[in-house]
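Worksheet: the structure to be examined is printed underneath.
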Amino acid sequence: MSSSRRTVLRTLSGACIFWVAHRTASARVDKIKPDAASALIVVDVQNCFIAGGTLAVKHGEDVVPVINRIAPAFQNVVITQDWHTPGHASFASAYPGKKPFETIKLAYGNQVLWPDHCVQGTQDAALAKDLNIPQTELILRKGFHKDVDSYSAFREADRKTSTGLEGYLKQRAVKSLFVTGLATDFCVAWTALDAREAGFETWVIEDACRGIDLHGSVAAAWNEMERSGVKRIQSTDLELGR
Ligand code: VGL
Ligand code: ZN
């Protein structure tokens, strides 16, 4: 072998070892570390959406231990609650002859009809009892106007009425949101999309969410979220600092 070829090989293998070492090191430092400008958003982890609830999401209760495990890494936490009036416009029971999971047209657009769920003040609307995030400062309720649904924690389904969450987060200098909870394809997705529109850096933690999945709506929601710049991560991508 010529000496110049040997030099090339030695240099290449050196580069290779360097690359492997560098990747191992960067895989460690590449974890995402929540900071003072980050908030954890816990969407609708309520009895209605877990086993035994009126609109149970398959394996919905499995998000609770994941959220409990990551929550201590956040100094800012917002929990939301779906909080409907009896006879709410999103309930199939409000329309004679209509069944849950059918769609109707309301003044603000298409509305999926749901079983009666998360009625204000009921046990069904209470937060899942094992959810344990004592430092939570804001519990925000939504969907409380009888004629308007609100999947999003930011803006009701009329796409006009604000919940005030954008102002709350901005006044507290929050810039990055980590969205978790139920359901991936409805309240989580709408919240994450509105978060992007409001200019927040937005991460959705996939294993801390579960979906309802009507006609492929989970895949559609991920497509739309990723198109709008939402980042899809797993809870293990977070640096929990412990
Ligand atoms: C939700 C359907 C109806 C949700 C709320 O939390 O995703 N889905 N109401
Ligand atoms: Zn609802």
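Counting starts at 1 for both ligands and their atoms, in listed order.
Which parts of ligand 1 touch W114 is read off a 4.0 Å heavy-atom cut-off, strictly below it: atoms 2 (C), 3 (C). If you number the atoms of ligand 1 from 1 as listed, the ones under 4.0 Å from a heavy atom of D82 come out as 5 (C), 9 (N). Contact atoms of ligand 1 toward D44: 4 (C), 6 (O) (distance under 4.0 Å to a heavy atom of the residue). Counting the atoms of ligand 1 from 1 in the order shown, those under 4.0 Å from a heavy atom of C187 are 1 (C), 4 (C), 5 (C), 6 (O), 7 (O). Residue contact check: H117 has heavy atoms under 4.0 Å from atoms 3 (C), 9 (N) of ligand 1. Ligand 1 places these atoms under 4.0 Å from at least one heavy atom of L182: 4 (C), 6 (O), 7 (O).
Between the side chains of T103 and N110, not a single donor N or O lies within less than 3.5 Å of an accepting N or O.
Of all N, O or S atoms in D82, the one lying closest to the Zn ion (ligand 2) is OD2.
Only one option out of V188, I70, D207 pairs with T180 in a side-chain contact (heavy atoms from CB on, under 4.5 Å); it is I70. The side-chain contact (heavy atoms from CB on, under 4.5 Å) test with L182 is passed by exactly one of I212, I50, V42: I50.
On a distance-only criterion, F49 and ligand 1 share no N/O pair closer than 3.5 Å.
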**OP:** With side-chain contact (heavy atoms from CB on, under 4.5 Å) as the test, would you mind laying out the steps for T85 and Q120 before giving the verdict?
**Re:** CA-CA 6 Å; T85 59; Q120 298 172 3; 3.6 Å; yes

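Not a single N, O or S atom of C187, from either the backbone or the side chain, sits less than 2.8 Å from the Zn ion (ligand 2). H84 lies close to the Zn ion (ligand 2), since one of its N, O or S atoms is found at a distance under 2.8 Å.
A salt bridge links K231 with E201; the closest basic N to acidic carboxylate O contact falls under 4.0 Å. Residues D194 and R159 are paired through a salt bridge, judged by an N-O separation under 4.0 Å between the basic side chain and the carboxylate.
If you look at H88 and F144, their ring centroids are not closer than 6.0 Å. Ring-centre distance between F178 and W203: below the 6.0 Å cut-off.
Within the structure, ligand 1 lacks Q46 among the residues with a heavy atom less than 4.0 angstrom away.
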